Amino acid sequence: GGAGLSADGDVIALACLAPDGDSLLAYRSSTDAVVRVDREQNSELRTQAPRVAPSGTRFVFPTGDRSADVLDERLQPTGVVIDPLATISTDAAGADIAVGPSFSGDFVGSVVALDLTTGDGRVVVGPDTGAPFPPGGNSVSASDGFVAFSTRGIDDIAEWAALDGEVVLVDFTSDDPAVRRVAHNRTSTLLGYWSSTFVSVSPSGDRVAFSSDWGSGDSVDTYIVDVS
């Protein structure tokens, strides 16, 4: 079920279901090496293959609605646990990081980065950096060292604050990530989940695509912002 690839395409991960038990597989094509471990799937989740971190040395395996184990090259738990909805990227040093919003705990923000090897975290966009408490309706996307996120706006535009209903781009290719507020997504809640804004960033970081019903609820379209 499913598959994940490292950034260079060298490592692939799979989940295999069988009558005699479930297992996880990782295959490294450069060495023709296969790692297999017995690991049962959470029956309350859809079948999940481990996500492969860009380096190909860490894997993320969901174990619950809001928890996922970080696995090492042997597909063994490292003790680091992250939110499975976080996106996986790299920082300026090339370290694998999980990036996403956090509403409680030691790190609170719209963008919190967690090192998949050390477990160390930092707030990139949040109260610790002068940004407001993270709005709801977050979606996050990463490509190479660029991360885009979007938030849901509140109904009363007059009460909007920074980051409400916005699309934001964060550049992790520098030691001090640059944060760019790109656009208001202008979507509504008229179509429920389908009105949610989903974002995607190009590998170059020059373009950000996002979905929006543009406040009408008539249709959901994709818009592209050139930030080059």
Side-chain angles (χ1 to χ4, degrees), residues 2 4 7 42 45-46 48-55 58-71 78-153 162-174 176-182 185 187 193 196-203 205 208-211:
N42 184 335
L45 302 176
R46 294 182 179 179
Q48 299 278 352
R51 281 189 288 164
V52 187
S55 69
R58 287 294 182 271
F59 303 83
V60 176
F61 180 65
T63 56
D65 286 339
R66 299 311 298 262
S67 64
D69 287 342
V70 177
L71 311 178
T78 63
V80 177
V81 178
I82 68 169
D83 188 327
L85 300 181
T87 193
I88 308 302
S89 186
T90 54
D91 63 14
D96 295 321
I97 54 174
V99 183
S102 177
F103 301 92
S104 62
D106 294 334
F107 307 101
V108 174
S110 295
V111 176
V112 172
L114 186 75
D115 190 300
L116 294 187
T117 299
T118 66
D120 295 336
R122 62 169 170 162
V123 176
V124 180
V125 179
D128 287 353
T129 63
F133 187 85
N138 287 264
S139 66
V140 187
S141 168
S143 184
D144 290 340
F146 299 96
V147 172
F149 75 94
S150 182
T151 63
R152 182 176 59 244
L163 303 185
D164 282 337
E166 291 191 19
V167 176
V168 181
L169 180 65
V170 184
D171 181 359
F172 277 93
T173 62
S174 60
D176 184 16
V179 179
R180 300 179 65 180
R181 296 167 63 189
V182 173
N185 57 52
T187 202
Y193 171 82
S196 300
T197 295
F198 297 97
V199 291
S200 182
V201 57
S202 66
V208 179
F210 66 94
S211 58

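Since the structure is predicted, the reported quantities are computational estimates derived from the model, not experimental observations.
To the nearest 0.5 Å, atom CG of residue L116 and atom CG of residue L71 are 10.5 Å apart. In this structure, CD1 in I97 is found 5.0 Å from CG in D91, a value given to the nearest 0.5 Å. Considering OG of S141 and CZ of F146, their distance stands at 12.5 Å, rounded to 0.5 Å. D115 CG to R122 CZ: the interatomic distance, rounded to the nearest 0.5 Å, is 9.5 Å.
Contact annotation: the side chain of V182 never approaches that of F210 to less than 4.5 Å [non-hydrogen atoms, C-beta and beyond]. For the pair I88 and P54, the minimum side-chain heavy-atom distance is below 4.5 Å. Using a 4.5 Å heavy-atom threshold, the side chains of V170 and V99 count as separate. A heavy-atom distance below 4.5 Å is found between the side chains of P101 and V140. Side-chain contact check for V167 versus N185: some heavy-atom pair is nearer than 4.5 Å. Side-chain contact check for F149 versus S110: some heavy-atom pair is nearer than 4.5 Å. Looking at V108 and V123, their side chains never come closer than 4.5 Å, going by heavy atoms from C-beta outward. Side-chain contact check for R58 versus V80: every heavy-atom pair is 4.5 Å or farther apart.
The minimum heavy-atom distance linking A142 with V147 is given by the pair CB-CG2, 3.9 Å. Here the closest heavy-atom approach between residue A113 and residue V124 is recorded as CB-CG2, 4.3 Å. Smallest separation of non-hydrogen atoms from V199 and S150: CG1-CB, 3.5 Å. Closest of all the heavy-atom pairs between S67 and P84 is N-CD, 3.2 Å. The two residues F198 and S139 come nearest to each other via the heavy atoms CA-OG, 3.6 Å. Scanning both residues, P132 and P127, for their nearest heavy atoms gives O-CD, 3.9 Å.
For the side chain to side chain contact (heavy atoms under 4.5 Å, CB included) with V179, the lone residue among L169, V168, V111 that qualifies is V168.
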For T173 and D171: C-alpha separation, side-chain torsions, deciding distance, then whether side-chain hydrogen bond (donor to acceptor under 3.5 Å, both in side chains) applies. CA-CA 6 Å; T173 62; D171 181 359; 2.4 Å; yes
